[in-house]
Amino acid sequence: MLFFPVTPFAADGSLDEERLAQHIDNGVAAGAGGVFVACGTGEFHALTSQEIERATRIAVETTAGRVPVLAAAGGPTPVARDQAVRVERAGADGILLLPPYLVTAPQEGLVRYVEDVTAATELPVVFYQRGTARLTEATAARLAALPNVVGLKDGLGDVERMHRIVRAVRAVPGGQDFQFFNGLPTAEMTAPAYRGIGVGLYSSAVFAFAPEIAQAFHRALTDGDEALVNTLLDEFYAPLVTLRDEVPGYAVALVKAGVTLRGLDVGGVRAPLIDPTPEHVARLAKLIDHGLEVVAA
Ligand SMILES: O=C([O-])C(=O)C[C@H](O)[C@@H](O)C(=O)[O-]
């Protein structure tokens, strides 16, 4: 299970370091195989580079070598290069590189962006295609051939594009070792389809607040327990996605509310996201209770 922790904020809006350490420790104890700190679920878009470095250091200290830690870098090229240097200095094992935003770049420019950022670090890098960064299979194969690019995480949900990318990268020498991740919001919902195109790894935001449910789903999918996969999709994940889709940004805000519901107060989200309404939190609480009942049965 790949764990994408939230970033807790204190009442004054600052990074709550103690709670971040506790949250990460809880996730590792619950069986996380890797920690991706300060990424999408961790409100990368709302953090300063100093906070990203600090959060990475906390993740490294808390995990203490038990599992690898990857941290985010992204945005404008110089900022992303600086963040790459910072997370390397903080002890991360790898980087999740988020794309530049506000621009639609040509394929050549995306390659140049990844080259420029990866040149600032020795760390292995996973590129996250989402938003306006949409790779062709030829570009993906070029990225996969770069010395420290080890993986591609997909946040677009264009299955045909991703299928073409997987096939193109796998066909080049060394491409068999390249890692693909399903990084869509509430990735379990698309996990069966992505397995079908050779993308077995996925990031689970649900793991952050209901590791029991995320683990049970992952086991059921791996073991071919279709009945449990379908029950969890129908009775937990699909209604969760319905709730998530009612307000933009809930893919993150609901996760944070879920962590607080499970007993660790991680505070609210930073603008421009908004916290779920009390009615939505109550719906989330019910869903979590039901999901836990299903996996305990
Ligand atoms: O960068 C991120 O935080 C993600 O993409 C991870 C999420 O875990 C996403 O896959 C989800 O919502 O399940």
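Given the structure is predicted, the values throughout are model-derived calculations rather than measurements. Counting starts at 1 for both ligands and their atoms, in listed order.
A donor-acceptor pair under 3.5 Å is absent between the side-chain atoms of Glu188 and the main chain of Leu233, judged by distance alone.
For Asp177, the side-chain contact (heavy atoms from CB on, under 4.5 Å) criterion is met by no residue, not counting sequence neighbours.
Protein residues are said to neighbour a ligand when one of their heavy atoms lies under 4.0 Å from it; for ligand 1 these are Phe4, Cys39, Gly40, Thr41, Tyr128, Lys153, Gly183, Leu184, Pro185, Thr186, Ala187, Ser203, Ser204, Ala205.
Residue His280 holds its NE2 atom at 9.0 Å from CD1 of Ile274, rounded to the nearest 0.5 Å.
A cation-pi contact, defined as under 6.0 Å to the ring centre and within 45° of the axis, links Arg270 to Phe9.
Put simply, the residue from Leu152, Ile197, Leu201 that forms a side chain to side chain contact (heavy atoms under 4.5 Å, CB included) with Phe180 is Leu152.
Two rings, from Phe217 and Tyr237, have their centers less than 6.0 Å apart.
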